[in-house]
Amino acid sequence: MIGALIIVPALAGALCFGLRNNRARRALLVAAAVAHAALAAAAWRGSPEPTLYDWLALDDLGRLFLGITSLLFLVAAVYAVGYLAREKDRAAGDRGEDFLFRNIPEAVFTGCLLLFLSAMTLVITSRHLGLLWAGVEATTLASAPLIHFHRHRRSLEATWKYLVLCSLGIAVALLGSFFLSVALRETSSSSSLVLDDLLRRAPAADVPWLRAAFICLLVGYGTKMGLAPLHSWLPDAHSEAPSVVSALLSGALLNCAFLAILRVLQVCLAAGQGEFAREMLLWFGLFSMATAAVFLVRQPDYKRLLAYSSVEHMGILAVGVGLGGLGNYGALLHAVSHSLTKGMLFLVAGNILTAYQTKAAGGVRGLLRGLPASGILWTAGLFAIAGSPPFGTFLSEFTLVRAALEQGRPLVAGAMLLLLAVIFAGMSRTMLAMAHGEAATKHPAEPFLAVAPPAVLAMLALLLGLFIPPPLETTLRLAARALGVPS
Amino acid sequence: MNSWIDAVLVLITLTSLVLLGASRLGTTIRMVALQGVLLSPLPLLLAGDAGITLRAAGLAVATVLIKGIGFPWLMDRAVRGGSLRRELDPRLGYNASLLAGVLLLAVAFLLSSRLPLPPGEGTPLVLPAALFNILAGMFVIASRRQAITQVLGYLVLENGIYVFGVGIASHQPLLVELGILLDVFAAVFVMGIVIFHMGRELDHIDTGRMTLLNDWEKE
């Protein structure tokens, strides 16, 4: 079953390159997304058998992230159908620049989208750290053409930064993986990188090598996750990519990189180096939140605003697992609610971009009147992403602050609250100004396929704040336990 | 056997130093090609007493094909195909780069003295040689402006990791190594395509002139 989760989207993706008909290709995209979601749902209910010499298996952490990724991809695929139909043959000029852009062929876009899903599934299910590495690298390669979709000179610049920085990061992560195999060698002749072997051998780890490995892996996968100061590719890529791709990058890909870091954290915990690893994560996290706060305030570009908000939320995740104990649970819950909310916001941003043809927040006014559906979702999204009740993010951020206080770290809790307040003020200033005011032009009613997908995500984000479904609650608890016993 | 390994490692280190001080793109590409060829006997030499296995031989052949021939050919094509300036225009001069290279070598030795190797793993030179190549690659990426040189820097970095992987963590299954080689190959291929687009659409591949996306200058 795990094999099918990876192979189905990969085959569908390969098929997309061969199909000539756009409609057939879009149908295939949705069909593959539905199939992946169905398989993922089945994997949630049962416990699938490990395959490929036990290199591929699904534990509780993997199950959680597989669920988020598959759900988000399904919603994004439905949105993409409408998006591609609108983009087709649109010789859109970029306002302010008389530069026409031609999109990359739809076959390449759809194909890469599916290959991207396949690579992310590989990252999630992989128990072998070498294979995991290959998966993370594959996600970079599959998503690079997606960022380059508009073939604009700005998207080219963003793609280049993304490729170079992520490849550099991933190279450091490879070195870290090798360090790990040295730190945990059993005898001089065998050193496997399968997670279960690593966890078993961890108590006898060679500490200096293990620490070096953790630093390399944190820096490497942290680049991909967008932790400051390694985040500089992220605002560019997220703002230049089509919105549906931004939603997947923020909601799914960053989580995959986070999962890779959690795998290494598991090894460090088993080796008794948890304190060292957690402390580093905590500081990286706080620094990311602070960096995001600096760039969020008075950010003139609303897609970059959302991108920096992703840097902030990745920081929150790192702080959460850095605290440990209750923080683990909070961080995992936050990963779920952030994915839903940010996915929704990027899809809405896509609608706004289509209607207003500008990414400058100053150029968008009167959303609530001009585009009522998107306007409402945009406003709701602001409160959801800023962590106000009754949304899921409130629950998780509250849990994290409580975790910090319970562990006798009031300074961490205070810093988090302060940064969250600054970010809320900065984001609401920009986003509310966009929602209110008079609409300058009449906009046609928004198509159903543009509004329904983000609305579904908004509902789920709201639901998560009011009631966590029992299966999710169980998985969250079990996954949090994999990161250390709650105190 | 060990003296051969050390000789290869020293030669690889020297090619990196030459590359740091090279002013012409052609020289840089040739040095990367030479490194690829020099890397290939490492799996065979490090196989040691166990004798030459099929796995080591396969890895050696794949290394020559991909790192020694494939990458340099791709890079060479990119240079000839595009309207690139052959002379490089670095952020830091060549002599300064060479000096930085010597410093990086010292850093590499310092770092390796902090990480004691388990007995019987590789030779004492493996770790410093690997670290030096990694640092030199990062330095090239940071200090050169042209996209193609940044890719070459990435290759040098990747070669350093390869030295470490083959030299010390040499007991991974073949599948992993092949996967890694292929991944790197694909990465360079995709970068090559992007460079091609840059040459066509921007009329330059100078990353120093890529300043459209920036948070600092907007107001």
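Every value quoted in this text rests on a predicted model; they were computed, and no experiment measured them. Just so we're on the same page: letters track the sequence lines, and every chain starts at 1.
To the nearest 0.5 Å, atom CD1 of residue B:I161 and atom CZ of residue A:F178 are 8.0 Å apart.
Under the 30°/60° scheme for interplanar angles, the aromatic rings of A:F179 and B:F164 are found to stand perpendicular.
Heavy atoms of B:L111 lying under 4.5 Å from chain A are absent altogether.
Residues satisfying the ring pair (Phe, Tyr, Trp, His ring centres under 6.0 Å) criterion with A:F109, sequence neighbours excluded, are A:F149.
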Hey, can you pull the donor-acceptor pairs under 3.5 Å for the side chains in residues 162-173 of chain A, sequence neighbours left out?
residue: A:Y162; atom: OH; partner: A:S143; partner atom: OG; Å: 2.6
residue: A:Y162; atom: OH; partner: A:K224; partner atom: NZ; Å: 3.4
residue: A:S167; atom: OG; partner: A:L163; partner atom: O; Å: 2.6

